[in-house]
Amino acid sequence: MTGPTRPRPVLARRLETAAWRHRLTVVRAPAGWGKSRGLDGWIASSSRRDRIVRADLDPWCADPTAFWARVTEALAEVDDRVAALPPPPAGTTDRRAWLAALAAVGRDAPADVVLVLDAFEHADTPTVCADLGLLLHGRSRVRLLLAGRTRPGFALARLRAAGVLAEIGVEDLAFADHEARALLDGAPTGHVEDTVRRAEGWPVALWFAAAQPAQRLGGDHSHLYDYVVEEVLDPLPAATRRFLLDTAVLDRLGGHLCDAVTGGGGGAAHLARLDREGVFVVPLDRRRAWFRYHRLFREALCRAATLDGVDLVRAHRRAARWFVDHGMPDHAVAHLLAAGDGVDAGNLIATAYWRMLDTGHTSTVLGWLDRLPPEHLRADARLLLAHASASLYAGRTGDVHRALALAAAAPHRAGALPDGLPSVDAGIALGRATLAALRGDVGGAVRGARRAHAMHGPEHVTQRANCEIILAGLAYYAGTDADAEFRLTAIVRSATPMRNTVAEVAGHAMLARVRADRADLGAAREHLARADALLGSRFAVAPFAARVLALCRAVVDHRSGALEAAVTGYTQARDLSIAAADRITAADAVLGLTEVALDTGRAEVARCWLGEAALLLDGCADPGRRLRARQAALSRRRATQAAADPTAGGLLTARQAAILRAVARGRSDAAIAVELGVSVRTVHAHLRGINARLKVHSRSAAVDAYRAAGGPA
């Protein structure tokens, strides 16, 4: 393989350290991971390269006599006494005596020598390993470095425990992202980043990509595909090759799953052998029971399987059946879609999508639905409801409205519905109530949520909780605190049987806010801790719960006097809410930022935030009494604070006064820029103007002059 060669100093240092500190270094990786090139670069850069000898092995070296002839030829380059030894004998007994003589030469060597044996898999036989063991344990000054594709037949665990073994694997040989970009000679464009991501550090794939920059890197890349066939598949035993092709459709590999797909047995043994022999399997757990193929390698496998006549559709269907039987519908859906079984995939999506959304897999659900034929999607109200729910979680409110309208007109096909949903009509009602809440129509959302709530019986605990959390939030913004607290308390008390992460997290977060409003900060922090514990026990959380938690945590921090943390939380809640088109939560967060600005004497900053809050609230049909009352109160407070600030007797503008007050609080220029929404350069310009107006030459003098003139700083 020819191609661009670049220095890899990190890898060279890793090899240098390992080779000279340990009796044995094992460099092990599949084909194309740059083992030989890495050795070339290290030897060329080593300050002790005159004490490094290398033997490149081939299949002839499986014979011990040929192997030792190759080794002594290499060692003779640095020690003439090795050249004086007789040729290695063929007989085992004679060879042991000869090895003892070789070890004696190594013990008397004037300095340590590193013997590099590249492509060691060609010589990895029990006899050769036993012979090397004699040299390894003979107190010779010859250190061994074995590079190859397979795990050498030594008792590595014993050597590892003794501290005499260094191991360099795929993770060390893989190109880091910056190395890959440098090799591709490209800025981080979309094409380069896609290539880096798909290569997963595989050096040979990146070399091919660099040689043909216009061609997308994939398993069908002509040069890469030929390399996989010639260097990996063709040398394998027929049974191993057949196993690889039959399981090419799997994005995760387990023994029983592989048996179900191949229709045979011994899947776990095959995987263990592939892992041991370095054939592009990546372990997914510590027990090494589950694996995956390197993604590019799997793509090449799929192409090879197709050309070999493997029935990939049947393999996908078998995999889907296994995943369904083992309670993993998310994996089953992907295989059914790949097999073209849209009807079965749709039925499974209709029953599984809610759990996927509840654990944060919104993009996965949307990806499933996008792969269904449009006519199939529009003909099933259940799937349209899934599309509306996923779009709602993704903040695509326009898609939510369209999907709900289509669901109302589509046939309501028979079949199971997601957890706790009694009917498609109930799902549509709940979706419309949620949409109204996002758009800032508290009254309309309350009516819709009550209608949806009435459709859910006591047994529909999961979706009934969603109705409750909407009603609780709306009651808070409507100003009916008692109703909000009653509903929130009921939600968190029934949290365990509910298994609704969104409702549980949001319920505890909102209760924390209610307690903080009453100055019960201890109880507020306890509810936040419970929300955090729920997040820690689940894989992910829906965007709604994330932004509500950020907002309520900011409120608690604010009431506790942790103003910087409050600003961070309010800003996070604002950004998440704007991305999700959640006008009420966004306005609430912006009003929080306004209050913090006023608390720290920044009337000008508060004016800017009040302007943004007004835009958000004016876009709401009915934001509720609480936010409007808070907006009015903060507007009055800002006006009073601005009127009371003489800005150094009129010498400073309002913006200059805000900057100087921040300086007096010890804020850095960068922090001031963030607070005011300007650049650091603008802050510096204002500071120069302040010094000129106040006729001073330092910040501390400016603060003193400002205070002397009556400015509150």
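Atom set for the values below is all heavy atoms of this structure, side chains included, hydrogens, waters and symmetry mates excluded.
- The closest side-chain heavy-atom distance from Pro152 to Val26 is below 4.5 Å.
- No side-chain heavy atom of Phe120 sits under 4.5 Å from any side-chain heavy atom of Leu144.
- A salt bridge links Asp194 with Arg197: the closest approach of a Lys/Arg side-chain nitrogen to an acidic carboxylate oxygen falls below 4.0 angstrom.
- Between the side chain of His316 and the main chain of Gly340, no donor-acceptor pair closer than 3.5 Å is present.
- Leu274 places none of its side-chain heavy atoms less than 4.5 Å from the side chain of Phe291.
- Judged by the 6.0 Å and 45° rule, Arg298 forms no cation-pi pair with Phe280.
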Problem - Glu504 vs Arg530, salt bridge (charged side-chain N to carboxylate O under 4.0 Å, His left out): CA-CA, chis, key distance, verdict - result: CA-CA 9 Å; Glu504 293 175 52; Arg530 292 180 182 177; over 6 Å; no

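- In this structure, the side chains of Phe175 and Arg8 come closer than 4.5 Å at one or more pairs of heavy atoms.
- Of the possible polar contacts, none joining the Tyr227 side chain to the Phe208 backbone as a donor-acceptor pair under 3.5 Å is found.
- The local environment of CZ in Arg160 is crowded, with over 12 non-hydrogen atoms from other residues, nucleotides or ligands closer than 6.0 Å.
- Between the Arg143 side chain and the His22 main chain, a donor and an acceptor come within less than 3.5 Å of each other.
- No side-chain donor-acceptor contact under 3.5 Å links Arg303 to the backbone of Tyr225.
- With hydrogens and angles disregarded, no donor-acceptor distance shorter than 3.5 Å links the side chain of Asp308 to the backbone of Val310.
- With a 4.5 Å cut-off on side-chain heavy atoms, Asp172 and Glu167 do not count as touching.
- Side-chain atoms of Asp234 and Arg241, non-hydrogen and from C-beta on, do get closer than 4.5 Å to each other.
- Heavy atoms from other residues, nucleotides or ligands lying under 6.0 Å from CG of Asp370 number more than 12.
- At distances below 3.5 Å, at least one donor-acceptor pair connects side-chain atoms of Glu200 with backbone N or O atoms of Arg295.
- Although no hydrogens or angles enter the test, the distance criterion places no donor-acceptor pair under 3.5 Å between the side chain of His294 and the main chain of Val279.
- Classification of Arg54 and Asp40 as a salt-bridged pair holds, one side-chain N sitting under 4.0 Å from a carboxylate O.
- A distance-only check finds no donor-acceptor pair linking the side chain of Asp341 to the backbone of Asp344 [under 3.5 Å].
- Applying the side-chain contact (heavy atoms from CB on, under 4.5 Å) test between Leu145 and each of Leu24, Leu39, Leu115 identifies Leu39 as the sole match.
- The shortest side-chain heavy-atom distance between Trp322 and His331 does not fall under the 4.5 Å cut-off.
- Using a distance-only test at 3.5 Å, with no hydrogens or angles considered, a donor-acceptor pair links the side chain of Arg70 to the main chain of Asp56.
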Handout entry: Glu16/Ser46 under side chain to side chain donor-acceptor pair (under 3.5 Å): CA gap, chis, key distance, verdict
Key = CA-CA 7 Å; Glu16 179 79 0; Ser46 176; 2.9 Å; yes

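- Around CZ of Arg252, the count of heavy atoms belonging to other residues, nucleotides or ligands within 6.0 Å exceeds 12.
- Contact check on Lys35 versus Asp118 returns no salt bridge, with no Lys/Arg side-chain nitrogen under 4.0 Å from an Asp/Glu carboxylate oxygen.
- Checking side-chain atoms of Arg51 against main-chain N and O of Val113 turns up no donor-acceptor pair under 3.5 Å.
- You'll find the side chain of Phe243 stays beyond 4.5 Å of the side chain of Val261, heavy atoms only.
- Side-chain contact, Gln212 with His221: a donor N or O sits under 3.5 Å from an acceptor N or O.
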